[in-house]
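Before any comments, here is the structure.
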Amino acid sequence: MFFLIDVNNFYVSCERVFNPALENKPVVVLSNNDGCVVARSNEVKLLKTVPMGIPFFQIKDIVKKHRIQTLSSNYALYANMSQRVMQSIQHFCPILEIYSIDECFVDVSDFDQAALIDYAGHIRNKIKQWIGVPISISIAPTKTLAKVANHLAKKSLSGVCDLRNPEIWNKTLSTFSIEDIWGIGRRLEKKLKSLNIQTAYDLMHYPAKQIRQLFSVNIEKTCYELQGIKCYPLEKFIPKKCIQSSRSFGRPVTELSELIEAISTYTSIACEKMRRQKSVVTTISVYLTTSRFNPLKNYYANQATISLQQPTNDTRKILASAIQAIKQLYQPNYLYKKCGISLLDLIPENQIQQDILMQVTHNTNISLIVDSINLKFGKNTILYGAEGIDKSWLAKSGSISQKYTTDWKELVVAKM
DNA sequence: TCTGGGGTCCTAGGACCC
DNA sequence: TCTGGGGTCCTAGGACCC
């Protein structure tokens, strides 16, 4: 039996904890570079005119008309708030899988089943009291059903939805649209509807084997999960298999020197993440692109994949390859919009295969020292020269809130 | 003028082996 | 002249998620 616990309107809720003036007002949070809407308060959702992911410039009039408060995203704050929420939940439910920044699955099979609803309510109150954000909790025998129940929990006053009773879940599924099911995207929606599968109930009763032939093993699993047969177990923490870092630029970039600064900055970010999960990398891929939205300007996009001689997590070595790659990709006379790096085929650092022809070296890994300094004194206390100092190409974030919980200089001040 | 970022998994098809 | 059958591995691209 699962709980699915998720924070309502997560980014907006985080902002409201530290800025109560935002309560009961329409609020949106924008993606990097203030590009798209990535979080909306309930007030905004009710307007029905601001869909998730819409480019900000397309809704400027609506924002003005309804006095929607607009915030740049503050990922340092959200990541820290996420940690706090997850740690608090673990206090009540030790076996959990963190599924995304704002939701987790919990195995509640060993709990007193008769008391589950009360327990969910209790957790909800405590998270609101301790962290300050509202959460919803759904209860169901499979993850897919828990996802369905979560939609209903969001709309209910209690914030809890129990879908354990097969009669209730059958009835619920008969009015639940196919496109709202976890794992059904736009393409599959279209194909399923062409077979006259309109609701979750229709999919649940379609022969699963046939679904597998027509679609894939995943949709077959979805079919079983709707019937209450568990196909997706709770996952333990698994290190990432690839780590990417990329950003759009705040303005068009034309100079190679600036691209080198940018790719160096992203490489440094990706490498730090890799070391945090104790992995090493053997293959990297670097890419570069102009804006794909401007039909008048020449479009150019290219990528280069490089195999490193030896698995490593040393930023200096990876930087050398990344810079070499960006030089190779660069073509003059284009207006570049974005570049990025992917660290591929990550393996645990304690499982490195030694190359018989390679000399064994025992260099001190300076990267680890850099990491520990930055952890102690704050991000970018020390950085690689190639990353540049001014970084005038950085993304825009016009209205970002303080790093209330992660930076000594920006802590919350309590006034008496 | 302005359009995000970071992931996972599956499948088909090519290349290769015996 | 006639050109099989069974298998593995890798990769690119598609689809999906938050």
Side-chain angles (χ1 to χ4, degrees), chain A residues 4 6-11 28-40 50-61 63 70-75 78-79 82 97-105 143-144 147 150-151 178-192 211-222 231-232 235 237-252 266 269-270 273-274 277 283 285 287 289-297 299 303 305 307 335 337-346 394-398:
Chain A
L4 171 56
D6 116 337
V7 182
N8 304 343
N9 316 327
F10 182 56
Y11 296 173
V28 295
V29 176
L30 304 178
S31 65
N32 251 332
N33 221 7
D34 293 344
C36 299
V37 172
V38 289
R40 304 164 297 159
V50 182
M52 184 68 168
I54 191 172
F56 179 58
F57 72 90
Q58 289 177 6
I59 55 157
K60 283 202 168 149
D61 290 344
V63 166
T70 308
L71 293 160
S72 306
S73 40
N74 185 344
Y75 290 107
Y78 311 148
S82 173
E97 170 194 342
I98 297 174
Y99 177 67
S100 75
I101 194 163
D102 73 330
E103 61 189 309
C104 63
F105 289 103
K143 284 182 168 180
T144 306
K147 277 281 192 183
N150 198 254
H151 278 255
I178 196 86
E179 66 267 25
D180 292 333
I181 299 172
W182 189 41
I184 308 294
R186 278 216 302 272
R187 296 289 177 100
L188 292 170
E189 174 195 352
K190 212 174 151 193
K191 197 169 165 191
L192 285 161
I211 288 289
R212 172 155 195 170
Q213 278 175 355
L214 289 163
F215 297 89
S216 70
V217 61
N218 279 335
I219 316 301
E220 183 194 17
K221 284 182 182 172
T222 300
C231 298
Y232 297 112
E235 304 266 7
F237 171 75
I238 299 165
K240 300 266 178 281
K241 292 169 186 167
C242 68
I243 290 174
Q244 311 182 22
S245 179
S246 66
R247 303 280 186 280
S248 298
F249 306 129
R251 57 164 169 81
Y266 308 151
I269 293 170
K273 270 194 202 166
M274 165 172 64
Q277 68 162 35
T283 313
S285 171
Y287 71 90
T289 173
T290 62
S291 173
R292 61 185 199 281
F293 294 106
N294 193 337
L296 300 174
K297 301 259 164 47
Y299 179 68
Q303 68 93 34
T305 304
S307 296
L335 302 175
K337 182 64 187 165
K338 184 178 179 181
C339 69
I341 181 165
S342 309
L343 309 177
L344 307 167
D345 306 328
L346 297 175
L394 270 182
K396 292 172 285 195
S397 59

Which of these nucleotides, [options], is closest to any side-chain atom of [X]?
X	options	value
A/Arg187	C/dC17, B/dT3, C/dA15	C/dA15
A/Gln244	B/dT3, B/dG4, B/dG7	B/dG7
A/Ser246	B/dT3, B/dG5, B/dG4	B/dG5
A/Trp182	B/dG5, C/dC18, B/dT3	C/dC18

Nearest 0.5 angstrom please: [X] [atom1] to [Y] [atom2], how far?
X	Y	atom1	atom2	result
A/Glu179	A/Lys190	CD	NZ	14.0 Å
A/Leu71	A/Tyr11	CG	OH	13.0 Å
A/Leu192	A/Phe215	CG	CZ	4.0 Å

Nearest-Å distance once atom C1' is located in both B/dC16 and C/dG4: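 One C1' to the other, the span is 16 Å.
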Backbone of A/Phe293 reached by a side-chain donor or acceptor of A/Ser291 within 3.5 Å: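 Judged by distance alone, yes, a pair lies under 3.5 Å.
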Nearest-nucleotide 5' precedence on DNA chain B, A/Gly35 against A/Ser216: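 Nearer the 5' end of the strand: A/Gly35.
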5′-ward residue of the pair A/Pro252/A/Cys242 relative to DNA chain B: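 On the 5' side of the pair lies A/Pro252.
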Hey, does the side chain of [X] come within less than 4.0 Å of [N]'s phosphate (OP1/OP2), counting only N and O?
X	N	answer
A/Lys241	B/dC9	yes
A/Ser100	C/dC17	no
A/Lys240	B/dC9	no
A/Arg251	B/dC2	no
A/Lys337	B/dT3	yes

Under 4.0 Å, heavy atoms only, any strand: does [X] hit a base, just the sugar-phosphate, or nothing?
X	value
A/Lys147	sugar-phosphate
A/Tyr99	sugar-phosphate
A/Asn32	sugar-phosphate
A/Asn218	sugar-phosphate
A/Ser73	nothing
A/Leu188	sugar-phosphate
A/Ile181	sugar-phosphate
A/Leu30	nothing
A/Ile243	sugar-phosphate

A/Arg187 atom CZ: more than 12 heavy-atom contacts under 6.0 Å: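 Not buried by this count: 12 neighbours or fewer within 6.0 Å.
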A/Cys36 vs A/Ser31 side-chain heavy atoms within contact, under 4.5 Å: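 Yes; the side chains approach each other to less than 4.5 Å.
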Heavy-atom side-chain proximity of A/Lys191 to A/Ile219 below 4.5 angstrom: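 Not in contact.
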Range-with-range stems for DNA chain C, at least three Watson-Crick or G-U pairs under 3.5 Å: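 Output for stems: B:5-18 with C:5-18.
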Whether A/Phe105 and A/Trp182 hold their rings parallel, tilted or perpendicular, with breakpoints at 30° and 60°: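 Plane angle between 30° and 60°, so tilted.
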[X] [atom1] - [N] [atom2] separation (whole Å):
X	N	atom1	atom2	value
A/Phe293	B/dG4	CZ	C1'	10 Å
A/Asp180	C/dC18	CG	C1'	15 Å
A/Asp345	C/dC9	CG	P	16 Å
A/Leu346	B/dG7	CG	C1'	12 Å

Salt-bridge contact A/Lys143-A/Glu235 (side-chain N to carboxylate O under 4.0 Å):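 Answer for the salt bridge query: no.
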